[in-house]
Number of protein chains: 2
Amino acid sequence: MTNKPSIKQQMPLGRHLAILTKMYYGALSKQLEHLEIEKHYSVLVLIENSEHPCTQQFISDTLKIDKASMVSVIDYLSGKKLIKRTNNPADRRAYWIELTPKAHLIMPELHEKINELNKVALKGLNKTQAIEFNKALCLISENLDNLPSDRVIINFKKVKKNIK
Amino acid sequence: MTNKPSIKQQMPLGRHLAILTKMYYGALSKQLEHLEIEKHYSVLVLIENSEHPCTQQFISDTLKIDKASMVSVIDYLSGKKLIKRTNNPADRRAYWIELTPKAHLIMPELHEKINELNKVALKGLNKTQAIEFNKALCLISENLDNLPSDRVIINFKKVKKNIK
DNA sequence: CTCGAATAGTTTAAAGTACAAACTATTAAT
DNA sequence: ATTAATAGTTTGTACTTTAAACTATTCGAG
């Protein structure tokens, strides 16, 4: 057999983030199975927390989901009757995205499930450490925000195998 | 106009991780533009750091890339002459994946670029905080590792738009 | 006022990505 | 010796992201 991991300390930051993201969403989708809202819970949470009506553009900017994809997400959540588009009388190009009564009904359960998962995920960190961790996430987020960046393109297929 | 973000403090953990991952890889792919190894740098780093020869299975397990995708990754990096498969005489089902001399040549540059980016990303955290942050990532990773999880399925398309 | 630029949102097409399932070859286990 | 398990591969399907072109509307400089 090969050696067993525990190389986590040396795991490159980018890959570490990718793995955590994947594991977190995997666990969450299990938790939220019956709600079938998968990773789009963050859209609902954003709308709920926002003091002002949200446009798709705003959600797009905040959650860093590009606006073409945003259309699909909004369509999906609309189809599940969790949000609705209402016209913004002041700007007929834009919609206001609002939670439906049905969404308001399930939000408490949603929060509960998320809190449960976070409790498991952050087990071993005390309150202070958890806050510090969150602050670090915010800080890194800001640091990276203004950096020039490209779309990540892999394109395995262009180079075919040649060594076996 | 809509309100401007800065809701980061309230950003749900999962989405926060997803955003960071995306931003980090975006920035990194810019840094590593000319190397064209995109996000697969972590495979090279893993092989370099590993004391024992790596099999695809081991890389797969460690980096949480499923083994079908692993084949593409290995093919790609092979095609770029950065790694090669060598036969494991003790088990003819398995390969040992090794860095080529070409890869050893570029590794210093790769580390340099990654360190540069990490320095930018972690700006504002002192050494202790950076270490604490990394520990937290490892801890969360372990906490989530043994959790039941599902594949994240979104499937926008099944529910078509009905409210506009 | 008005014409050109910018913006909100949509659609399409192309490419990237993940994963289950079936497959080969080989090794382990009873 | 047969059966189960493992390393790796292939294929097909479905999910996801993005660029680019598009409509409708609003903004803004002259």
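Throughout, protein chains are lettered first and strands after them, A, B, ... in sequence-line order, and every chain is numbered starting at 1. Just the heavy atoms: all of them, side chains too, but no hydrogens, waters or symmetry mates, feed the values below.
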Rounded to the nearest Å, what distance is computed from the [atom1] atom of residue [X] to the [atom2] atom of nucleotide [N]?
| X | N | atom1 | atom2 | result |
| --- | --- | --- | --- | --- |
| Arg85(A) | dA8(C) | CZ | C1' | 11 Å |
| Gln57(A) | dT7(C) | CD | P | 9 Å |
| Asn88(B) | dA25(C) | CG | P | 19 Å |
| Lys67(B) | dA21(C) | NZ | C1' | 12 Å |
| Gln56(A) | dG9(C) | CD | P | 5 Å |
| Tyr76(A) | dT10(C) | OH | P | 18 Å |
| His40(B) | dG16(C) | NE2 | C1' | 10 Å |
| Leu63(B) | dA18(C) | CG | C1' | 16 Å |

For Glu48(B), give me all partners under side-chain hydrogen bond (donor to acceptor under 3.5 Å, both in side chains), at least two apart in sequence or on another chain.
His111(B)

Just to verify, what does [X] make a side-chain contact (heavy atoms from CB on, under 4.5 Å) with, not counting sequence neighbours?
| X | result |
| --- | --- |
| Ile47(B) | Val43(B), Cys54(B), Ile59(B), Ile83(B), Ile97(B), Leu99(B) |
| Leu110(B) | Leu32(B), Leu35(B), Ile37(B), Tyr41(B), Leu44(B), Met107(B), Ile114(B) |
| Leu105(B) | none |
| Asn126(B) | Thr128(B), Gln129(B) |

Hey, does the side-chain of Arg92(B) have a donor or acceptor N/O within less than 3.5 Å of a partner on the base of dT26(C)?
no

Any ion pair linking Asp66(A) and Lys22(B) (charged N to carboxylate O, less than 4.0 Å)?
no

Hey, are Glu132(A) and Lys135(A) close enough for a salt bridge, meaning a charged N less than 4.0 Å from a carboxylate O?
yes

Identify which nucleotide among dA20(D), dA6(C), dT9(D) has an atom closest to any side-chain atom of Arg93(A), counting heavy atoms from C-beta outward.
dA6(C)

Choose from dT18(D), dG8(D), dG9(C) the nucleotide whose nearest atom is closest to any side-chain atom of Val71(B).
dG8(D)

Taking the nucleotide of DNA chain D with the nearest heavy atom to each, does Ile65(A) or Pro89(A) sit closer to the 5' end?
Ile65(A)

Could you give the angle between the helix axes at the two ends of the helix from dC1(C)-dG30(D) to dT30(C)-dA1(D), with five pairs per end, rounded to 10 degrees?
30°

Classify Asp66(B) by what it touches in the nucleic acid, base, sugar-phosphate, or nothing, heavy-atom distance under 4.0 Å.
base

Would you classify Ala94(A) as touching base, sugar-phosphate or nothing, given that sugar-phosphate means primed atoms plus P, OP1 and OP2, and contacts are heavy atoms under 4.0 Å?
sugar-phosphate

Would one find a side-chain N or O of Lys22(B) under 4.0 angstrom from OP1 or OP2 of dT18(D)?
yes

